[in-house]
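A quick write-up on the structure given underneath.
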Amino acid sequence: MDNFAIKRPEGGRVGLPPMPEPSTNEIVCRFAPSPTGQLHIGGARTALYNWLLARGSGGRMILRIEDTDRVRSTKENVDQIIEALEWLEIDWDGDPLSQAGHQSRHLEVIQQLKQSGHAYEHEGATRLRVPEDGETVVRDLIRGDVTFKHEAIDDFTIARSDGSPLYNLAVAVDDLDSGVTHVVRGEDHLSNTPRQVMILKALEQEPPVYGHLPLLHGPDGKKLSKRHGAASVQELRDAGFLPQAVRNYTALLGWGYDDKQTFFSTDELVKLFSLDRVGRSAAVFDEQKLRWMNGTYLREMDPGQLTVALEAFTGRDGLAGAAGLCREKIQTLADFWPLAGFFFDGPAEDAKAHAKFLDEEGRARLGEARDALATLEPFTDESIENALREVVERLDVKPKQLFQPVRVAISGTTISPGIFESLALLGREESLSRIDKAISAA
RNA sequence: GGCCCCAUCGUCUAAUGGUUAGGACGUCGGCUUUUCAAGCCGAAAACCGGGGUUCGACUCCCCGUGGGGCUACCA
């Protein structure tokens, strides 16, 4: 167990150079959010892509909280991020790292940079010396090499005047210390990347390769952020979306496989995802498409799973029957209760529906339906349908002239699951009681 | 302002010099029909503009235009 990694065929490798350490080619990714509250969908996608890259390559996934800004970095905010990742079933290796926890190392590096002449103090803060000439190239797997001329970059601050390390320094050092090989993050970080590369070069270290993802935009075309009513993972969860649907949908925001496939299981994503098929232009989050996709996932669940999910979401029990009747009609878990609540909490109060279908004629037809159902044996989908269709024929009315009044009588409104199935699920006693109530409630 | 990135239907995308520019969501129409959905069938809908390069450009290059990001002793 402890040395399986160096197991090799008998007699092999004699005279060959030593086998490289298994870690040499290992991809190490990291997701490094700053804890500003709920994880928004852009952050979720960044986390997902890193995770797919790590898991797809047998590499490692690091979670690091960028908490050097102590004001924003509350435990609640950190918990929100972890909660969101857990809900998405995105995991990581080892404990979450705290950037603030590495401060002594950061301070050490700042000292080192000062001593080597790469950094200097200015009005108490510490700045990195950026040469006037030359350029820094960022190796980006998505965009190709991106070149920044040094003349456009000022000497930038790496430590505050109170000595505390700043973001660009902390990121570069932490990525280095963790052995991060692939920095995959939003494009909003691209302009800062040459600074991080310069810090690494000043330390005589090789920078990682980068992959700057296109940003996610709101419907207004601006960067998706808290201010734009951005969908956070928690909001999506509370709106009744399934984690597997959110994973599938967000994977497609900036990445595509071919012209045939839209649905990808998580295993398929792990297998098929690659950075070279990630696009370069910003994408707009489209809740409509997510809803459609979520509905498809919902319909793919087996009845037991769906019931469990609905019961967890609504906090109610005994939903199996209603779940079965609604599975074709809902796109999110939240769609269920408005459609099926009447089974449990009684008919809704839709005055318009009442007025339209429970007029005198409607109530008269209800009476006929009631009689047909009162002694029906057995009381099943099929027998109910047969009985009510007989009534339709006998009264010589259109089917909906009978069925809609019945629907309103039992559900309170014009939209419901199939009427025969609904009656059967409700049971004879409750069905008759609701019909009676509708007839008498003139 | 400076620097950087980006540009195919309304939206997400496929195409990697030669296609009637494909698919999906949404929209519209039809079928089905007990409502609403779901499902099935069909339709409308795109290469930002201008120059090059090439026998041939959505694809390569340049310039515009447009959008976005960064430009903190925030991350």
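On a predicted model such as this, the values are computed, not experimentally measured, just so you know. Here is how names work: the chains are called A, B, and so on, in the same order as the sequence lines, proteins then strands, and each is numbered from 1.
Across all strands shown, B/rU19 remains unpaired; no Watson-Crick or G-U wobble contact has both distances below 3.5 Å. In this entry B/rC48 has B/rG64 as its Watson-Crick or G-U wobble partner, both defining distances falling under 3.5 Å. Across every strand in view, B/rU54 sits unpaired, with no contact that passes the Watson-Crick or G-U test at under 3.5 angstrom. Applying the Watson-Crick and G-U wobble criteria (two distances, each under 3.5 Å), B/rA72 pairs with nothing in any strand. B/rC25 is paired with B/rG10 under the criterion used here, namely a Watson-Crick or G-U wobble arrangement in which both key atom distances are under 3.5 Å. Pairing partner, B/rC31: B/rG39, with both Watson-Crick or wobble hydrogen-bond distances short of 3.5 Å.
Atom pair A/Q331:CD and B/rA37:C1' shows a separation of 8 Å (rounding to whole Å applied). Distance NZ (A/K400) to P (B/rU32): 13 Å, rounded to an integer number of Å. Atom P of nucleotide B/rC5 and atom CG of A/D145 are separated by 11 Å, given to the nearest angstrom. If you take NE2 of A/H217 and P of B/rG67, they are 12 Å apart, rounded to a whole angstrom. For the pair A/Y257 OH and B/rC12 C1', the interatomic distance rounds to 19 Å; values are reported in whole Å. Between the CD atom of A/Q196 and the C1' atom of B/rU71 there is a distance of 15 Å, rounded to whole Å. Here the P atom of nucleotide B/rA38 and the CG atom of A/N294 are 13 Å apart, to the nearest Å. Counting to the nearest Å, the P atom of B/rA75 and the CD atom of A/Q103 are 11 Å from each other.
Map A/S416 and A/A282 each onto its nearest nucleotide of RNA chain B; the residue landing nearer the 5' end is A/A282. Checking A/A32 against A/K329, the closest nucleotide of RNA chain B that is more toward the 5' end is the one next to A/K329.
Distance check on atom P: B/rA72 versus B/rU65 gives 26 Å, rounded to whole Å. Atom C1' of B/rG2 sits at a distance of 34 Å from the matching atom of B/rU16, rounded to the whole Å. When the P atom is compared between B/rG10 and B/rA45, the two are found 11 Å apart, to the nearest whole Å. Annotation: B/rU27 and B/rC60 have their P atoms spaced 34 Å apart (nearest Å). Rounded to a whole angstrom, the distance from the C1' atom of B/rC9 to that of B/rG52 is 28 Å. Annotation: B/rC12 and B/rG50 have their P atoms spaced 24 Å apart (nearest Å). To the nearest whole angstrom, the two P atoms, one in B/rA14 and one in B/rU8, are 11 Å apart. Nucleotides B/rA44 and B/rG29 place their C1' atoms 10 Å apart, quoted to the nearest Å.
A cation-pi arrangement is absent between A/R277 and A/F273, since the terminal nitrogen or guanidinium carbon is not both under 6.0 Å from the aromatic centre and inside a 45° cone about the axis.
Under a 4.0 Å N-O distance rule, the pair A/R291/A/D335 qualifies as a salt bridge. At a threshold of 4.0 Å, the pair A/K271-A/E268 does not count as salt-bridged, since none of the basic side-chain nitrogens sits closer than that to a carboxylate oxygen. Here A/E361 pairs with A/R365 in a salt bridge; the nearest charged N to carboxylate O distance falls below 4.0 Å.
For the OP1/OP2 pair of B/rC4 and a distance below 4.0 Å, the side-chain nitrogens and oxygens of A/S191 include no atom meeting the criterion. OP1 or OP2 of B/rA75 has at least one side-chain nitrogen or oxygen of A/T68 nearer than 4.0 Å. A close approach under 4.0 Å does not occur between any side-chain nitrogen or oxygen of A/R195 and OP1 or OP2 of B/rA75. Using a 4.0 Å cut-off, no side-chain N or O of A/R291 falls inside it from OP1 or OP2 of B/rG26.
Here the nucleotide nearest the side chain of A/R280, chosen from B/rC12, B/rU34, B/rA7, is B/rA7. When distances run from any side-chain atom of A/P399 to the nucleotides B/rU34, B/rU35, B/rU11, the shortest one goes to B/rU34. For A/Q288, whose side chain is taken as the heavy atoms from C-beta onward, the closest listed nucleotide among B/rG26, B/rC73, B/rU34 is B/rG26. Comparing B/rA75, B/rG69, B/rC12 by their closest approach to the side chain of A/L253 singles out B/rC12. Of the candidate nucleotides B/rA75, B/rC73, B/rC5, B/rC73 has the atom lying nearest to any side-chain atom of A/E123. Among the nucleotides B/rC4, B/rC74, B/rU35, the one closest to the side chain of A/V146 is B/rC4. Candidate nucleotides B/rU34, B/rC73, B/rG69 were compared by shortest atom distance to the side chain of A/D188, and B/rG69 ranks first. If you check B/rU34, B/rC4, B/rC73 against the side chain of A/F148, the one that comes closest is B/rC4.
Of the inter-residue distances, the one linking A/R195 atom CZ with A/L166 atom CG reads 11.5 Å to the nearest 0.5 angstrom. Put simply, CD on A/E135 and CD on A/E151 are 9.5 Å apart, with the number rounded to the nearest 0.5 Å.
No contact: A/R327 has no heavy atom under 4.0 Å from any strand. Within the 4.0 angstrom heavy-atom criterion, base atoms lie near A/I419. Note on A/P417: a base of the nucleic acid sits closer than 4.0 angstrom, heavy atoms only. Using a 4.0 Å heavy-atom distance criterion, A/G418 is classed as a base contact. Within 4.0 Å (heavy atoms only), A/S281 reaches sugar-phosphate atoms of the nucleic acid but no base atom. Across all strands, A/R277 comes closer than 4.0 Å only to sugar-phosphate atoms, never to a base (heavy-atom distances).
Put simply, the side chain of A/S161 and the base of B/rC73 share a donor and an acceptor less than 3.5 Å apart. With hydrogens and angles left out, the side chain of A/K260 and the base of B/rA14 share no donor-acceptor pair within 3.5 Å.
For the ring-ring contact (aromatic ring centres under 6.0 Å, His included) test with A/W337, the passing option among A/F344, A/F343, A/F342 is A/F344; the others fail.
The number of heavy-atom neighbours closer than 6.0 Å to CG of A/D133, taken from other residues, nucleotides and ligands shown, is 12 or below.
Between A/Y297 and A/F241, the distance separating the two ring centers is not shorter than 6.0 angstrom.
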